[in-house]
Enquirer: 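This is the structure I want to talk about, given as structure tokens.
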2 protein chains.
Amino acid sequence: MKGNQSEASIQPLLDYFDRLIPLNRVEKELIAEKFHPRLYRKRQYALQEGDVCTQFYFVVRGCLRMYKVDDKGVTHILQFAAENYWINDLGSFHSIKPSELNIDALEDTMVLQISHKDLIELYMQAPKFDRIFRVLVENSFIRLQKRLLQNISSTAEERYQSFFEVYPHLSNRLPQVQIAAFLGITPEFLSRLRKRLSKTPRAKS
Amino acid sequence: MKGNQSEASIQPLLDYFDRLIPLNRVEKELIAEKFHPRLYRKRQYALQEGDVCTQFYFVVRGCLRMYKVDDKGVTHILQFAAENYWINDLGSFHSIKPSELNIDALEDTMVLQISHKDLIELYMQAPKFDRIFRVLVENSFIRLQKRLLQNISSTAEERYQSFFEVYPHLSNRLPQVQIAAFLGITPEFLSRLRKRLSKTPRAKS
DNA sequence: GTTCCCCAATGACCTAGGTTAAGAAATAGC
DNA sequence: GCTATTTCTTAACCTAGGTCATTGGGGAAC
């Protein structure tokens, strides 16, 4: 049963990579060897602030969030990661320094995780992964840049509406309080926005 | 004179890469072959919105900025790039789609630039560059994430003070109006901040 | 079924930062 | 040196979004 589970849970990652670039048998075996499945129950931490982020997570099923808690106790969400998304604190991961971020599960979440040491080995043993991860991090960068640009140039209302276009798979899965923390607004203000929008539907944009 | 100039301006890039990871002779020749020097005069565009970003720029001397102009005509600066920094609109560059961003020169700027086609060839001919650029983009990602986090959780004053720590090489080169556009505040508010700060010096942090 | 917890909505009041306009100072161009 | 342009500062007034407190609804746990 345990072997079957382990085998069943690597396949999504192989499928994911195969969609990017075909892997040969050796490369697939390296993946199976270095990625480990892990279940995080709702509310469990994958990373706590003050600890080093030692793993790189690929979400197979469920949803993680990465966030900072500021000195006033306010939660600021940097990223959600649901199925087929990667998540970690890259800065802490590579520098091996304590992170100021947290990663926890918004629902029971199955991930495939790889340690820093194993990832470096993977790059050495199969340089194709340099390309794969270069492309992955480029795409993450592009997404993040769009978000920063939006954050400095759009209203909260524009950001809220954009959320549904960009994250359709998440928007009915997340409570409003989490969406607000991601958009950088208070839940109270989000309530107001929603009320305003339901009264004055926007023309199709 | 022209050969001498071309030779003189590739060296900073070779030095830069050598600091990351030693290059062999073939790899150095590829760099010399595929990167081209270009001078942008103050106010000249390297990229105009509506055009595809066809080049990846490495700044040898001077300073470029990348920004968006919103529908109210307000300028939002995403990035400055002075000596030894890279700049481009990665999204447009890779997707070959028109960019909504501009890149122009804040002072006369000498760059080494590489086209998308040449960069792809470089990856094919010297896979070591997959690693090099993966690391570069990861570092850019980490910086951008820090900036987003700061943007959603810090006050304008905190952001202004952090600017001097993070960009010491830029802060006495840039007019306040550019710093304001980078920090996401108005020049008027920045003036107020500066006045406030000069009256009540902050305790050493 | 009951209790507790979390989430969403609401209203009164507040504030960090924006807008508009104008004047002064510094810089650039001829 | 003179003129034009850009940058910086300032004040009065404004607003998008925050804070605090409360209520109601739904889901989870026992």
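Throughout, a chain's letter reflects where its sequence line sits, starting with A, and its residues are numbered from 1. The model shown is predicted, which means the values in this text are computed figures rather than measured ones.
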Enquirer: Cationic tip of R134(B) within the cone over Y123(A)'s six-membered ring, i.e. under 6.0 Å and within 45° of the normal?
Expert: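 Pair R134(B)/Y123(A) counts as cation-pi.
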Enquirer: Rounded to the Å, how far apart are I152(A) CD1 and dG17(D) P?
Expert: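 Result: 15 Å.
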Enquirer: Quick one: I179(A) CD1 to dC6(C) C1', roughly how many Å, whole number?
Expert: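 My rounded result for the distance is 15 Å.
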Enquirer: Does either side chain, that of S191(B) or that of Q176(B), offer a donor lying less than 3.5 Å from an acceptor on the other one?
Expert: no
Enquirer: Go through L174(B) and F80(B) one step at a time and tell me if the side-chain contact (heavy atoms from CB on, under 4.5 Å) criterion holds.
Expert: CA-CA 10 Å; L174(B) 297 175; F80(B) 295 118; 3.5 Å; yes
Enquirer: Please encode protein proximity along nucleotides 23-30 of chain C as a string of B, S and -, counting only heavy-atom distances under 4.0 Å.
Expert: --------
Enquirer: By the side-chain hydrogen bond (donor to acceptor under 3.5 Å, both in side chains) test, which pairs, at least two apart or in different chains, include something from residues 46-64 of chain B?
Expert: E49(B)-N102(B)
Enquirer: Taking atom types as modelled, is there a side-chain donor on Y16(A) or Q11(A) under 3.5 Å from an acceptor on the other?
Expert: no
Enquirer: Identify the residue among R41(A), K42(A), R43(A), R65(A) that makes a salt bridge (Lys or Arg N to Asp or Glu O under 4.0 Å) with D104(A).
Expert: R65(A)
Enquirer: So if I define the base as every atom that isn't primed, P, OP1 or OP2, how would nucleotides 10-18 of chain C read as a B/S/- string at a heavy-atom cutoff under 4.0 Å?
Expert: BBB----BB
Enquirer: So if I take residues 169-178 of chain A and measure heavy-atom distances to DNA chain C, which residues fall below 4.0 Å?
Expert: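 By residue number: P175(A), Q176(A), V177(A).
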Enquirer: Would R192(B) and F189(B) count as a cation-pi pair here, with the cationic atom under 6.0 angstrom from the ring centre and within 45° of the axis?
Expert: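 No - R192(B) does not lie over the ring of F189(B) by the 6.0 Å and 45° rule.
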Enquirer: Can you list everything that forms a salt bridge (Lys or Arg N to Asp or Glu O under 4.0 Å) with D70(A)? Sequence neighbours excluded, please.
Expert: none
Enquirer: What is the distance, to the nearest angstrom, from the NE2 atom on H76(A) to the P atom on dG17(D)?
Expert: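 My rounded result for the distance is 16 Å.
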Enquirer: Counting only side-chain N and O atoms of R194(B), is one of them less than 4.0 Å from OP1 or OP2 of dT9(D)?
Expert: yes
Enquirer: Report yes or no: is the cationic atom of R131(B) (NZ for Lys, CZ for Arg) under 6.0 Å from the centre of the six-membered ring of F129(A), at an angle within 45° of the ring normal?
Expert: no
Enquirer: May I have all residue pairs that pass salt bridge (charged side-chain N to carboxylate O under 4.0 Å, His left out) and include part of residues 76-90 of chain B, sequence neighbours excluded?
Expert: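 Sorted pair list: E83(B)-R173(B).
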Enquirer: Are L119(A) and H116(A) close enough, and set up right, to give a side-chain contact (heavy atoms from CB on, under 4.5 Å), and what steps lead you there?
Expert: CA-CA 5 Å; L119(A) 187 57; H116(A) 184 253; 5.8 Å; no
Enquirer: Heavy-atom nearest nucleotide on DNA chain D for V74(A) versus L190(B): which residue maps closer to 5'?
Expert: L190(B)
